[in-house]
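Comments concern the structure below.
Residue numbers begin at 1 in each chain, while the letters A, B, ... track the order of the sequences. When reading the values below, keep in mind they use all heavy atoms of this one structure, side chains included, and skip hydrogens, waters and symmetry mates. Nothing here was measured: the structure is a model prediction, and the numbers come from that model.
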There are 2 protein chains.
Amino acid sequence: MRADAARNRRRVLAAAEQLFASGDARQVTMEDIARAAGVGRATIYRRFPTPAAVALELLDEHERRLQEAIMRGEPPLGPGAPPADRLAAYFEAMVGLLDGHLHLALGAETGNARFATGAYQFWRAHVRHLLREAGTSELDAMVDIVLAPLAPDLYRFQRYELGIGREQITAALGLLARKVTAGEPPGGRAQATHLHTGP
Amino acid sequence: MRADAARNRRRVLAAAEQLFASGDARQVTMEDIARAAGVGRATIYRRFPTPAAVALELLDEHERRLQEAIMRGEPPLGPGAPPADRLAAYFEAMVGLLDGHLHLALGAETGNARFATGAYQFWRAHVRHLLREAGTSELDAMVDIVLAPLAPDLYRFQRYELGIGREQITAALGLLARKVTAGEPPGGRAQATHLHTGP
DNA sequence: GGTAGAAGCGGACACGGCGTCCAGTTATTC
DNA sequence: GAATAACTGGACGCCGTGTCCGCTTCTACC
């Protein structure tokens, strides 16, 4: 890449970071970014197809760091700890990521974009591995179900519309992690705590 | 409402239903609906602010039926069954709704629209009640976490990009229902199946 | 059953973002 | 240092949006 192109790329990313942080990330347009970065619109189009792609690029940097910690870091996030602990640690780390860069995560969400990213594939593989290790059944469907609560939209709703604290969300996810990695619940079908004359 | 207005309203809804069903629901514009319904654009704006609002109206009809079944229908969907069974039955019913009207659910999704609907408030209250009955802790945060796997986007991804069957998703959600309504997992913190010299 | 008044209708308008193109400019290569 | 390839950004046409206003159609009242 040419030196001037690299400089512009940095300018664009820096300006976009600012823009996404201030105000509704989903309303940021290419024109906004171009104006803030001091470049023409076509210059951005050369590298990024949409504003969401710019947000994704910024977000990816942080996600890669977490991926590294998962693959080669210390337990319980890294290898070595039991699945329940690793899953809980992963949830906690993701809450940290969401909390710190929610604007980017929201800006990167355009329709179904979340599932199409490479990052999602990584999370999927990781959680699938943990669930398998824990002996969870219905693996293929369960993986995405377990990842669903990490949707940026949901986190925004919980935090800023319901006013739930970050610690509470982390605790609830930790509980979920233990529950889904636990063996089959006792009683199998139903715990008869209610009077109910069946069908 | 005047008779001609009611007739146009029906025309709009019928045309929109068709449109959402064929092709990408998220790309349906007011212009599309107006053309298909044979009315002017402003006529639709009189009653609906966005295409998503039209989809929501259509979806609401189906959701109200399910709400009725939950409040006054037979167990396990209706009152009387144990929480685990009711939650599993609710999940199964929601999968049916998603499967039958996915295009509407996707069309109704504009940004954070999902959480703002009255329907979501109902689901939230219902699941909260069930979890409370089951003695789940971290209730407030857990409710939305448990509802997260029902996001239309996710269902579309699982069904049509991963190719997971409806039955598998239903089974996995049933498993989740039993797990989250079960008591605290044995071992509390970690099941020591791995060697790990922690801090 | 005729008429006054209101409610509904839809074409027209201005706006803004999108995505592309191309002519001028700047960096790299030989 | 000249040839060549890459980059840049202003300009253009397109499409959807949301609103406005003159015209039409219905309804309620006499």
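A:Phe115 has its side chain out of reach of A:Arg124: every pair of non-hydrogen atoms, C-beta onward, lies at least 4.5 Å apart. Side chains of B:Tyr155 and B:Val95 form a contact here, defined as non-hydrogen atoms less than 4.5 Å apart. The shortest distance between side-chain heavy atoms of A:Gln121 and A:Thr117 does not fall below 4.5 Å. Side-chain contact between B:Met142 and A:Leu175 is present, with at least one heavy-atom pair separated by less than 4.5 Å. Looking at A:Pro149 and B:Asp144, their side chains never come closer than 4.5 Å, going by heavy atoms from C-beta outward.
Classification of B:Arg156 and B:Glu161 as a salt-bridged pair holds, one side-chain N sitting under 4.0 Å from a carboxylate O. B:Glu68 and B:Arg72 are joined by a salt bridge, as a carboxylate oxygen and a charged side-chain nitrogen come within less than 4.0 angstrom of each other. By the 4.0 Å N-to-carboxylate-O rule, B:Arg128 lies too far from B:Glu133 to be salt-bridged with it.
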The contact string for nucleotides 17-30 of chain C, one letter per nucleotide 5' to 3', using protein heavy atoms under 4.0 Å with B, S and - for base, sugar-phosphate only and none, comes out as SBBBB----BSS--
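Note: A:Leu58 CG to A:Phe20 CZ = 7.5 Å, rounded to the nearest 0.5 Å.
Atom CZ in B:Arg11 sits roughly 16 Å away from atom P in C:dG8 (whole-Å rounding).
Counting non-hydrogen atoms of other residues, nucleotides and ligands closer than 6.0 Å to CZ of B:Arg7 gives a total above 12.
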Under the rule of Watson-Crick or G-U wobble with both distances under 3.5 Å, where | means paired to another strand and [ ] a crossing pair, DNA chain C maps to ||||||||||||||||||||||||||||||
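Under 4.0 angstrom from either OP1 or OP2 of C:dG10 there lies at least one side-chain N or O belonging to B:Thr43.
Between chain B and DNA chain D, the heavy-atom contact criterion of under 4.0 Å yields a 5' to 3' nucleotide range of D:dG16 to D:dT27.
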